[in-house]
J.: 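There's a structure below that I have some questions on.
Counting starts at 1 for both ligands and their atoms, in listed order. Heads up: numbering here begins at 1 and tracks the sequence.
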Amino acid sequence: MAPLLPPASSPKLCRSWLLLGLALLVAVDLSAADMYSEIELVWGASRTFFFMDGDSEALALSLDQWQGSCFRSREKYLYVQVDVEIKLIEGDSAGTVCTIYMISEDPWEIHDEIDLEFLGNVTGQPYTLHTNIFANGVGGREQQFRLWFDPTADYHTYSIVWNPKHILILVDGKAIRDFKNNEDQGVPFPTWQSMRTFGSLWSAEDWATQGGRVKTDWSQAPFVGYYRNYNVTWCRPSPGVAWCGDEPKGSTRFDLDQKTLADLQWVRSNQMIYNYCTDTVRFNATTLPKECTLQ
Ligand SMILES: *[C@@H]1O[C@H](CO)[C@@H](O)[C@H](O)[C@H]1NC(C)=O
Ligand SMILES: *[C@@H]1O[C@H](CO)[C@@H](O)[C@H](O)[C@H]1NC(C)=O
Ligand SMILES: *[C@@H]1O[C@H](CO)[C@@H](O)[C@H](O)[C@H]1NC(C)=O
């Protein structure tokens, strides 16, 4: 296997664990979110490495034809904003999937999940950002987007905002997707199972790129994606309210502001390439998921 190297734009500081420990000890800005203290490796650890990318500690995940790699947050959250900066695989990334997602643990049958999956492509062709939301074990809420920049050229910030009234997905602070809490209309919404964040890089050449027609070119391996500045902000309740889940029903605390509404509208008109709510081949008027007629 070819050696893993940090991206060309950053200092080549691939460190041993000992050096990493020393680097952390001497790190000056302890307030900056650091990956190492927030996350743990789950699988494919030998295909990952931490390194200093400028002032931030970054984690590289890699994939070869034998295995990918995956990390998860040490903590579980209930109502939170999670931000992470990701720089996707450069060049030919066909067949690869790089992810950041949140998921609850057992029982699987009723699990909640919020997915961002970046589907790779051949050199020069655009990535697809595939998103899905599961509530109470039921998903099938796919929406896909084109990004308005090259996500392999630099880091961009991807965020999941989860509060009692909305799940929002943001890209560089711009809302691209909103899943509203319509529990009072009979649509499940994640309100009680805590979730952990996961990030992974794996192969899905059967379906990921151009519907599976383009397979992975393993001679390009290892494929490497970079993550940094993992940042967690717990949901802040109104004064006098113990936690976000206790916010009074009539509270306007989590209502979407004008900028968010405008961003969602812009993304929907310009960047959305698939929306389950408008998929009339898959659903018809009688089988359309309920939330599609409410939002
Ligand atoms: C983390 O996110 C919060 C809320 O968006 C932001 O105010 C803060 O500056 C971020 N912290 C870091 C270290 O990026
Ligand atoms: C890859 O590029 C093709 C051609 O531009 C495009 O149709 C497709 O949506 C892109 N993304 C994926 C994941 O196949
Ligand atoms: C669409 O509705 C008809 C009944 O009006 C039903 O027979 C058919 O199976 C439905 N198609 C799908 C894809 O659900």
Side-chain angles (χ1 to χ4, degrees), residues 24 27-39 52-59 63 73 75 77 79-86 88-100 115-132 142-152 155-163 166 168-175 197 201-217 220 223 225 227-237 244 253-254 257 259-260 263 270-275 279:
L24 289 176
V28 184
D29 185 5
L30 290 173
S31 64
D34 86 71
M35 295 289 293
Y36 182 74
S37 61
E38 297 283 345
I39 61 107
M52 293 306 294
D53 196 347
D55 287 339
S56 345
E57 192 191 348
L59 172 64
L63 164 73
S73 59
E75 280 196 81
Y77 320 104
Y79 299 140
V80 73
Q81 171 164 348
V82 166
D83 315 298
V84 67
E85 293 179 18
I86 306 175
L88 294 168
I89 299 161
E90 279 176 82
D92 187 351
S93 57
T96 70
V97 181
C98 209
T99 71
I100 187 81
D115 290 330
L116 285 77
E117 299 188 334
F118 298 90
L119 312 184
N121 218 329
V122 290
T123 307
Q125 295 304 315
Y127 260 85
T128 295
L129 171 51
H130 175 94
T131 66
N132 200 356
E142 298 88 354
Q143 289 185 351
Q144 294 185 338
F145 306 89
R146 276 278 176 271
L147 298 165
W148 49 96
F149 50 81
D150 174 2
T152 73
Y155 286 93
H156 289 270
T157 305
Y158 303 94
S159 311
I160 294 170
V161 178
W162 173 31
N163 65 45
H166 294 272
L168 290 166
I169 296 175
L170 290 81
V171 175
D172 288 335
K174 194 188 281 289
T197 308
L201 175 53
W202 47 287
S203 165
E205 59 178 353
D206 295 348
W207 58 269
T209 303
Q210 301 179 31
R213 270 176 289 118
V214 183
K215 306 292 183 212
T216 304
D217 175 3
Q220 307 289 321
F223 300 97
Y227 294 71
R228 72 177 188 195
N229 285 335
Y230 180 77
N231 184 20
V232 171
T233 313
W234 286 87
C235 180
R236 267 186 300 276
C244 282
R253 170 80 179 73
F254 303 114
D257 60 21
K259 177 188 180 297
T260 302
D263 287 347
N270 297 289
Q271 307 300 132
M272 186 184 269
I273 54 174
Y274 176 79
N275 182 4
D279 189 341

J.: Checking side-chain polar atoms at under 3.5 Å, does Y155 have a donor or acceptor matched by the opposite partner on S56?
T.: no
J.: Just by modelled atom types, is the H156 backbone N or O under 3.5 Å from a matching donor or acceptor in the D172 side chain?
T.: no
J.: Relative to the heavy atoms of N231, which atoms of ligand 1 are at a distance of less than 4.0 Å?
T.: 1 (C), 2 (O), 3 (C), 8 (C), 10 (C), 11 (N), 12 (C), 14 (O)
J.: List the protein residues in contact with ligand 2, where contact means a heavy-atom separation under 4.0 angstrom.
T.: L119, G120, N121, Q125, P126, T128, R146, A208, T209, Q210
J.: Give a yes or no on whether R146 atom CZ has more than 12 heavy-atom contacts from other residues, nucleotides or ligands under 6.0 Å away.
T.: yes
J.: Does N229 have a non-hydrogen atom less than 4.0 Å from ligand 1?
T.: no
J.: With a 4.0 Å cut-off, would you call E205 and K215 a salt bridge?
T.: no
J.: What I want to check is whether the side chains of T260 and D257 have a donor and an acceptor closer together than 3.5 Å.
T.: yes
J.: May I have the step-by-step check of side chain to side chain donor-acceptor pair (under 3.5 Å) for Q81 and N163, ending in yes or no?
T.: CA-CA 8 Å; Q81 171 164 348; N163 65 45; over 6 Å; no
J.: Taking 4.0 angstrom as the limit and counting only heavy atoms of T233, give me the atoms of ligand 1 inside it, by number and element.
T.: 2 (O), 3 (C), 4 (C)
J.: Side chains of N231 and E85 only: does a donor on one sit below 3.5 Å from an acceptor on the other?
T.: no
